[in-house]
Each structure stands twice: as C-alpha cells, then as structure tokens.
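Contents: one structure, followed by commentary.
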Amino acid sequence: MAGASLLTLLDDIATILDDVAVMSKVAARKTAGVLGDDLALNAQQVSGVSADRELPVVWAVAVGSFKNKCILVPAAMLISAFVPWAVIPLLMLGGLFLCFEGFEKIYHGYQANKQPQIVSEQPQEVIADLKEYEKAKVKGAIRTDFVLSAEIIAITLGIVAEKSLTTQFFTLSFIAIVMTIGVYGLVAGIVKIDDAGLYLSQRQGETIAARFKRRLGYMLLSFAPYLMKTLSVVGTIAMFMVGGGILTHGLHWVSVQISHAATWVEGLSVVGPVLSFITPSILNSIFGVVAGAIAVLLMQLLLKLRADKAVSH
C-alpha cells in the first residue's frame with residue numbers, strides 16, 4: 001500500500017509539473033511583448049549612473065524586482081480567489097501610474113532645459129548628489145518594475161485561472177523567476193556594452209584576431225551611446241504604450257473602438273496589414289500620453305493647492 005501511495009504521489013507531481021511546463025510556455029508567449037517593454041524601461045531607468053556602479057544598481061533593482069514578485073504572486077492568488085473583480089481596476093491604476101511617470105519625465109525634462117545648469121564646485125556635495133541620484137534611479141526602476149510585473153503576473157494568472165491552486169502557484173512562481181533573471185541579465189549586458197568595447201579596443205597584437213577584436217571594440221564603443229539614447233526614448237514610449245494599453249483594455253468602449261480602427265485600416269491596399277498591426281499600439285500610446293498629461297496636470301494642481309493652503313496658514 002505504501003508503495004502504491006508513493007507511486008500515486010509521484011504521478012500527481014509529474015502531472016502538476018507537466019501542467020506547469022505547458023502553462024509556462026503559453027504564458028511566456030503571451031507576456032513576450034510586456035517583457036520587451038520591461039527590458040527597454042529598466043535598461044533606460046538604470047542608465048546614467050557611473051560605470052563602476054552600473055552592475056550594483058542593476059543588482060539592487062533585480063533584488064527589488066524579486067521582492068515585488070514575492071508580493072505580487074501571493075496577492076494575485078488571493079485576489080483571484082476572493083475578489084477577482086478587483087484585478088482589472090488595480091491593473092488600470094498601475095497603467096495610469098505608468099502614463100503619469102512617462103509624462104512626468106517629459107515634463108521635468110522640458111523644465112530642466114529651461115533652467116541653467118549649475119555645477120557644484122564642492123566634491124563632497126557632488127558625491128552626495130550622486131548617491132541620491134543612484135537611490136532615486138533604483139527606486140524609480142523598482143516602482144516601474146512593480147507595475148510591469150503586475151501585468152505579467154495578471155496575464156499569467158488569466159491563463160492558469162482554470163487550473164488547480166498548486167499549478168497556479170508554481171506557474172506564477174516559475175514565470176516570475178525566469179522573467180526577472182532574463183530581464184535583468186539582459187539589462188546588465190546592455191549597460192556594460194561600452195566596457196566590453198573598451199576592453200576589446202585595447203587588445204594588443206597584429207594578428208587578424210587581434211585586429212578584429214579592436215575593430216569590434218571600437219564599434220561597440222560607438223554603438224553604446226546611441227543604444228542607451230534609443231533605450232531612453234523607447235522606454236518612455238513603452239510607458240505610454242503599456243500604460244495606455246492597460247487603460248484601454250479596462251475601458252471596454254475604448255478597446256472596441258481601437259479594434260474597429262484596426263479592422264478598418266486593414267482594408268487599405270498594400271499597407272493595410274501593416275497598419276492594422278501597429279494601429280492598436282499607436283492608439284494605446286496616444287491614449288497613454290493624454291492620460292499621463294491629465295494625471296500630471298491634476299497632480300500639479302493638487303500640489304499648488306496644498307502649497308497655497310500652507311502659505312495661508
């Protein structure tokens with residue numbers, strides 16, 4: 001009897017692992033787009049720190065991302081079990097936050113360009129500022145990661161909603177771990193491209209291999225700044241695209257109109273299929289920009305009212 005029970009247990013475990021593997025593959029395909037946005041956003045978020053602090057910053061954000069997942073996975077299962085109707089509203093709040101952060105970044109960049117840059121001549125103050133800058137970068141990246149991780153977890157949860165509690169837990173945990181390692185492993189590689197280029201460009205010798213390494217190093221050094229600038233732009237666009245997409249998905253009427261627009265442009269000759277593919281992303285991004293602008297405006301008004309109230313008292 002004990003042997004039969006053990007075999008039954010092993011069969012149950014094998015069945016669960018098989019379900020987890022199948023569901024994980026489906027979830028990975030469904031969340032691939034969010035993963036690309038996550039990569040662009042986080043590579044952009046951790047850029048700008050000194051070269052010797054890049055990997056520690058990436059590591060700090062990765063640890064924060066794992067902590068986010070440790071909160072999100074149990075929370076997602078609890079919400080799904082007891083208040084499933086709350087998933088969409090919570091996701092929409094996260095989407096609005098992404099749009100707000102994206103527009104706030106543009107707004108602050110515009111304000112900074114209008115003001116003269118003041119360089120401090122006191123080294124200790126500069127170091128303190130750099131430390132605060134690094135902390136702000138890490139906090140901002142972890143906040144952004146939380147929203148994108150929530151979307152990944154929510155998409156995965158939707159795929160495994162009909163499965164057993166055990167399958168849900170292991171699938172969510174597997175996706176959370178793999179996505180985190182994959183994203184921040186790639187982010188670490190991206191931010192160290194310039195260091196790799198410098199290393200290769202300093203190779204000695206006149207052999208074909210040595211010359212090839214030096215040329216490759218110079219190419220990487222030239223490519224790295226453009227890549228980081230591109231990721232900065234792509235990361236901001238991704239904020240609006242992902243955030244706007246979450247908002248429009250939660251607003252049924254808007255989502256239907258976007259689908260109608262994509263169907264309409266598909267009928268155009270030659271460019272129809274291409275336009276149909278990119279139209280939802282463009283419209284989601286526009287919606288995200290508008291939502292972000294409104295959120296920033298309301299926040300500015302709220303801060304102004306609070307400041308006026310403080311002055312009056």
Side-chain angles (χ1 to χ4, degrees), residues 31 34-72 94 97-98 100-109 112 117 119-120 122-153 175-201 217 220-240 242-243:
T31 56
V34 183
L35 178 63
D37 295 333
D38 200 359
L39 174 61
L41 281 172
N42 283 291
Q44 177 262 322
Q45 287 275 44
V46 300
S47 65
V49 299
S50 59
D52 61 323
R53 295 295 302 163
E54 286 173 341
L55 290 182
V57 167
V58 173
W59 173 251
V61 179
V63 171
S65 179
F66 272 116
K67 291 179 180 178
N68 286 341
K69 306 297 195 305
C70 290
I71 296 170
L72 288 168
F97 177 74
L98 274 181
F100 169 80
E101 280 211 323
F103 199 87
E104 187 182 41
K105 178 186 172 184
I106 295 174
Y107 177 75
H108 285 167
Q117 299 295 319
V119 180
S120 173
Q122 301 180 21
Q124 291 183 348
E125 291 183 5
V126 171
I127 292 173
D129 288 344
L130 287 176
K131 288 182 178 179
E132 290 301 318
Y133 175 76
E134 182 178 307
K135 288 181 181 178
K137 279 280 187 180
V138 171
K139 288 181 180 178
I142 292 174
R143 285 198 307 268
T144 301
D145 174 272
F146 188 89
V147 177
L148 291 172
S149 295
E151 188 180 11
I152 290 172
I153 295 299
I175 288 294
I177 293 170
V178 170
M179 290 294 186
T180 304
I181 293 174
V183 166
Y184 290 100
L186 288 172
V187 169
I190 289 171
V191 299
K192 299 308 288 184
I193 283 178
D194 52 350
D195 288 348
L198 180 62
Y199 173 80
L200 291 173
S201 67
L220 290 176
L221 285 172
S222 300
F223 173 69
Y226 294 104
L227 175 63
M228 297 312 297
K229 289 179 182 178
T230 301
L231 285 174
S232 179
V233 175
V234 171
T236 304
I237 294 173
M239 284 184 173
F240 294 124
V242 175

Open item on the list: I'd like to check the side-chain contact (heavy atoms from CB on, under 4.5 Å) partners of A176; sequence neighbours left out, ordered by chain and number.
Closed with: K69, V73, I153
- [ ] Measure the CD1-OG1 distance between I175 and T180 for me, rounded to the nearest 0.5 Å.
- [x] 10.5 Å
Open item on the list: Just verifying a value: how many Å separate I142 CD1 and F66 CZ, rounded to the nearest 0.5 Å?
Closed with: 12.5 Å
Open item on the list: Assess, by modelled atom type and distance only, whether the side chains of N68 and S149 contain a donor and an acceptor separated by less than 3.5 Å.
Closed with: no
Task: Which residues share a side-chain contact (heavy atoms from CB on, under 4.5 Å) with F97, sequence neighbours left out - done: E101, R143, V147
- [ ] For A188, check side-chain contact (heavy atoms from CB on, under 4.5 Å) against everything at least two apart and list the hits.
- [x] L55, V58
TODO: Report the residues that fulfil side-chain contact (heavy atoms from CB on, under 4.5 Å) with V63, sequence neighbours left out, ordered by chain and then residue number.
DONE: W59, K67
Task: F240 versus G102, closest heavy-atom pair with distance - done: CZ-C, 3.4 Å
Task: Nearest atoms (heavy-atom pairs only) where A150 meets L72 - done: N-CD1, 3.6 Å
- [ ] Could you pull out the closest heavy-atom pair between V138 and A60, with the gap in Å?
- [x] CG1-CB, 4.1 Å
